[in-house]
Amino acid sequence: MPSSNARRAKRHEREIVHAAEDAGLDATRAWNSDGRSLGEHEECDVRLEAGGDTWTVQAKRRKTVASYLTCENADVVVTRQDRGDNLAVVPLDLFLDLLTDSQDDGR
């Protein structure tokens with residue numbers, strides 16, 4: 001029997017797929033959370049397709065998220081570790097809207 005963490009992770013991946021499909025995007029969950037089943041890197045949990053582009057998603061679910069990654073007064077949080085790349089953290093619905101808009105624009 002899978003652990004409760006594995007069940008929660010799979011539920012989270014399915015939630016992402018359903019949200020993307022509801023937004024009109026093609027979305028596929030990797031079998032057993034292994035991106036190799038989709039022809040992607042093993043860390044890929046979900047593949048999204050929008051506007052001719054493919055996006056790979058690594059889904060992480062945590063009991064709590066670091067408070068600096070959420071901000072009620074901003075749409076996007078950008079963070080960077082020293083000597084690392086900037087990372088943008090956005091709510092899933094905003095991200096899907098951006099992908100849907102790029103799909104509608106033919107990008």
Side-chain angles (χ1 to χ4, degrees):
M1 175 177 247
S3 72
S4 62
N5 285 341
R7 286 192 305 272
R8 286 181 356 157
K10 289 177 182 179
R11 252 191 334 267
H12 182 222
E13 293 162 5
R14 286 191 298 268
E15 177 184 319
I16 293 167
V17 168
H18 293 304
E21 290 174 340
D22 289 347
L25 302 170
D26 290 327
T28 308
R29 181 182 166 272
W31 181 82
N32 207 27
S33 301
D34 187 341
R36 293 176 291 192
S37 66
L38 299 174
E40 303 291 349
H41 189 276
E42 64 186 275
E43 291 180 341
C44 171
D45 295 319
V46 175
R47 182 174 57 204
L48 305 175
E49 296 181 29
D53 292 324
T54 299
W55 298 77
T56 56
V57 176
Q58 167 61 215
K60 293 292 183 190
R61 181 174 170 169
R62 298 287 183 260
K63 188 172 187 173
T64 59
V65 175
S67 61
Y68 64 85
L69 291 177
T70 61
C71 180
E72 291 181 17
N73 301 310
D75 297 318
V76 178
V77 174
V78 178
T79 186
R80 178 175 71 86
Q81 70 181 19
D82 291 347
R83 294 177 289 285
D85 292 333
N86 280 302
L87 303 173
V89 180
V90 299
L92 180 60
D93 59 345
L94 174 58
F95 177 67
L96 295 175
D97 285 346
L98 293 170
L99 291 183
T100 303
D101 290 345
S102 73
Q103 182 171 291
D104 294 343
D105 293 343
R107 286 185 255 162

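This chain uses plain numbering: 1 for the first residue, then up along the sequence. These numbers were taken from a predicted model, which means no experiment stands behind them.
- Residue N5 holds its CG atom at 11.0 Å from NZ of K63, rounded to the nearest 0.5 Å.
- Here the side chains of V76 and V90 are in contact, with some heavy-atom distance below 4.5 Å.
- Residues T54 and E40 are in side-chain contact: their nearest non-hydrogen atoms beyond the backbone lie under 4.5 Å apart.
- Note: the hydrophobic cluster containing L94 does not contain L87 (ILVMFWY, side chain heavy atoms under 4.5 Å, direct or indirect links).
- Under the 4.5 Å side-chain heavy-atom criterion for Ile, Leu, Val, Met, Phe, Trp and Tyr, L92 and L69 are members of distinct hydrophobic clusters.
- Separation of atoms CG (L96) and CG (L48) is listed at 7.0 Å; rounding is to 0.5 Å.
- Using a 4.5 Å heavy-atom cutoff, the side chains of T70 and V77 are not in contact.
- A distance of 4.5 Å separates CD of E13 from CZ of R29, quoted to the nearest 0.5 Å.
- Rounding to the nearest 0.5 Å gives a distance of 10.5 Å between CZ of R62 and NE2 of H12.
- Among residue pairs with one or both ends in residues 79-95, none qualify as salt bridge (Lys or Arg N to Asp or Glu O under 4.0 Å); sequence neighbours excluded.
- Residue Q81 holds its CD atom at 11.0 Å from CG of N86, rounded to the nearest 0.5 Å.
- Atom CG of N32 has more than 12 heavy atoms from other residues, nucleotides or ligands within 6.0 Å.
- In terms of hydrophobic clustering, with Ile, Leu, Val, Met, Phe, Trp and Tyr side chains grouped at heavy-atom distances under 4.5 Å, V17 and W31 are assigned to different clusters.
- Nearest heavy atoms, A27 versus E21: O-OE2, 3.7 Å.
- Between L25 and W55 there is no side-chain heavy-atom pair separated by less than 4.5 Å.
- A distance of 10.0 Å separates OG1 in T56 from CG in L38, rounded to the nearest 0.5 Å.
- The two residues A30 and C44 have their closest heavy-atom pair at CB-O, 3.6 Å.
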